[in-house]
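Within every chain, numbering begins at 1; the chains are lettered A, B, ... in the order of the sequence lines, protein sequences first and strands thereafter.
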There are 2 protein chains.
Amino acid sequence: MLSPSNIHVPDRCRTVTEILSRVGDKWTVQVVMRLGGGPKRFNELRRMVEGVSQRMLTLTLRGLERDGLVTRTVFPTIPPRVDYALTGLGCSLLKTVRELGEWAIENREEILEARRRFDEGESSPASDAA
Amino acid sequence: MLSPSNIHVPDRCRTVTEILSRVGDKWTVQVVMRLGGGPKRFNELRRMVEGVSQRMLTLTLRGLERDGLVTRTVFPTIPPRVDYALTGLGCSLLKTVRELGEWAIENREEILEARRRFDEGESSPASDAA
DNA sequence: CGGAATCCTATAGGATACTG
DNA sequence: CAGTATCCTATAGGATTCCG
């Protein structure tokens with residue numbers, strides 16, 4: 001159904017870019033990954049993600065909810081309780097994102113080494129011209 | 001070799017987050033995808049990516065080069081010519097990123113519809129309480 | 001507990017002008 | 001052509017305070 005991914009369709013590019021900018025933000029992926037372990041409460045997530053501010057967790061979850069990636073369930077108890085869980089769509093995203101994560105882990109060392117080499121070359125640019 | 005991806009290793013999380021923040025920036029993915037079609041010159045890329053400023057293209061390419069994802073080849077001619085090409089590492093990233101792209105394309109409509117529903121519900125929050 | 005609102009700063013990134 | 005340098009603005013996002 002899809003045409004081969006190596007042809008350039010502007011509309012698709014925009015789609016991909018748009019989705020990636022959501023996925024690429026500072027917290028979305030981490031939140032999705034934690035939710036991969038099952039539904040979580042707000043502060044539970046807050047503790048798990050570590051480093052996220054309350055504000056950003058709220059915004060991140062709102063965005064995910066808006067895109068149909070997580071559900072938000074309110075229990076009108078006192079104190080209130082709110083559960084967040086991945087939808088089917090969210091699970092499929094998690095799966096894909098995990099693959100990117102695997103790539104990152106597998107190639108971490110190679111990237112870090114390339115980075116070291118690059119930074120070395122930058123600091124002494126005349127060394128190889130001799 | 002890798003432990004299952006469903007256990008939480010802080011170090012890995014940081015790696016994934018770090019890599020994703022590179023991939024998730026505004027231009028990296030688009031540049032990598034265009035380079036998937038073979039080596040490109042600077043202004044050639046500039047025209048293909050469409051919307052990218054010269055400054056950001058430079059920064060994006062520098063970042064990719066630093067991480068060992070693209071090579072930069074200078075031909076000391078006049079006018080100068082510089083070719084950018086994916087490395088093996090860059091190709092493997094492209095492959096993974098394309099999968100995320102496929103996901104985005106496949107689920108585009110579902111996401112957009114979820115978004116519409118969400119925005120509707122927000123604008124008339126009392127409608128379902130009746 | 002689970003937010004919303006406000007304030008403030010750091011950074012991303014665009015536009016422009018200059019250079020080898 | 002392929003950058004670099006500078007300036008400027010918009011946005012992301014942290015810290016804090018208040019609320020049901």
Is the shortest heavy-atom distance from the side chain of [X] to the side chain of [Y] under 4.5 Å?
{"X": "A:Trp103", "Y": "B:Lys95", "result": "no"}
{"X": "B:Phe42", "Y": "B:Leu57", "result": "yes"}
{"X": "A:Leu100", "Y": "B:Leu100", "result": "yes"}

Is A:Arg46 near enough to C:dG3 that one of its side-chain N or O atoms lies under 4.0 angstrom from OP1 or OP2? no
From [atom1] of [X] over to [atom2] of [N], roughly how many Å is that when rounded to an integer?
{"X": "B:Tyr84", "N": "D:dA2", "atom1": "OH", "atom2": "P", "answer": "8 Å"}
{"X": "B:Leu57", "N": "D:dA2", "atom1": "CG", "atom2": "P", "answer": "10 Å"}
{"X": "A:Asp25", "N": "D:dG13", "atom1": "CG", "atom2": "C1'", "answer": "11 Å"}
{"X": "A:Glu65", "N": "C:dG2", "atom1": "CD", "atom2": "P", "answer": "15 Å"}
{"X": "A:Leu59", "N": "C:dG3", "atom1": "CG", "atom2": "C1'", "answer": "11 Å"}
{"X": "B:Lys40", "N": "D:dA2", "atom1": "NZ", "atom2": "P", "answer": "13 Å"}
{"X": "A:Phe75", "N": "C:dG2", "atom1": "CZ", "atom2": "P", "answer": "11 Å"}
{"X": "B:Leu61", "N": "D:dT4", "atom1": "CG", "atom2": "C1'", "answer": "15 Å"}

Please evaluate residues B:Glu109 and B:Asn107 with respect to the criterion side chain to side chain contact (heavy atoms under 4.5 Å, CB included), reporting the C-alpha separation (whole Å), side-chain torsions for both, the decisive distance (0.1 Å), and the verdict. CA-CA 6 Å; B:Glu109 277 309 323; B:Asn107 297 282; over 6 Å; no
So, does [X] use its side chain to make a donor-acceptor pair with the main chain of [Y] at under 3.5 Å?
{"X": "A:Thr28", "Y": "A:Gly24", "value": "no"}
{"X": "A:Asn43", "Y": "A:Arg46", "value": "no"}
{"X": "A:Thr87", "Y": "A:Leu69", "value": "yes"}

I'd like to know if B:Glu18 pairs up with A:Arg115 as an ion pair, taking the criterion as any Lys NZ or Arg NE/NH1/NH2 lying under 4.0 Å from an Asp or Glu carboxylate oxygen.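 Here B:Glu18 pairs with A:Arg115 in a salt bridge, since their nearest N and O are under 4.0 Å apart.
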Ionic contact status for A:Glu113 with A:Arg117, cut-off 4.0 Å: yes
In degrees rounded to 10°, what angle is found between the helical axes fit to the five outermost pairs at each end of the helix from C:dC1-D:dG20 to C:dG20-D:dC1?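 About 40° separates the two local helix axes.
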Reading nucleotides 14-20 of chain C from the 5' end, what letters show protein touch, with B for base, S for backbone sugar-phosphate only, - for no heavy atom under 4.0 Å? BB----B
Which residue, A:Arg62 or A:Pro79, contacts DNA chain C at a nucleotide closer to its 5' end, judged by nearest heavy atom?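 Mapping each residue to its closest nucleotide by heavy atoms, the 5'-most match is A:Pro79.
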Measure from the side chain of B:Arg41, starting at C-beta and using heavy atoms only, and say which of C:dC1, D:dA2, C:dG3 lies closest.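 Comparing C:dC1, D:dA2, C:dG3 against the side chain of B:Arg41, the answer is D:dA2.
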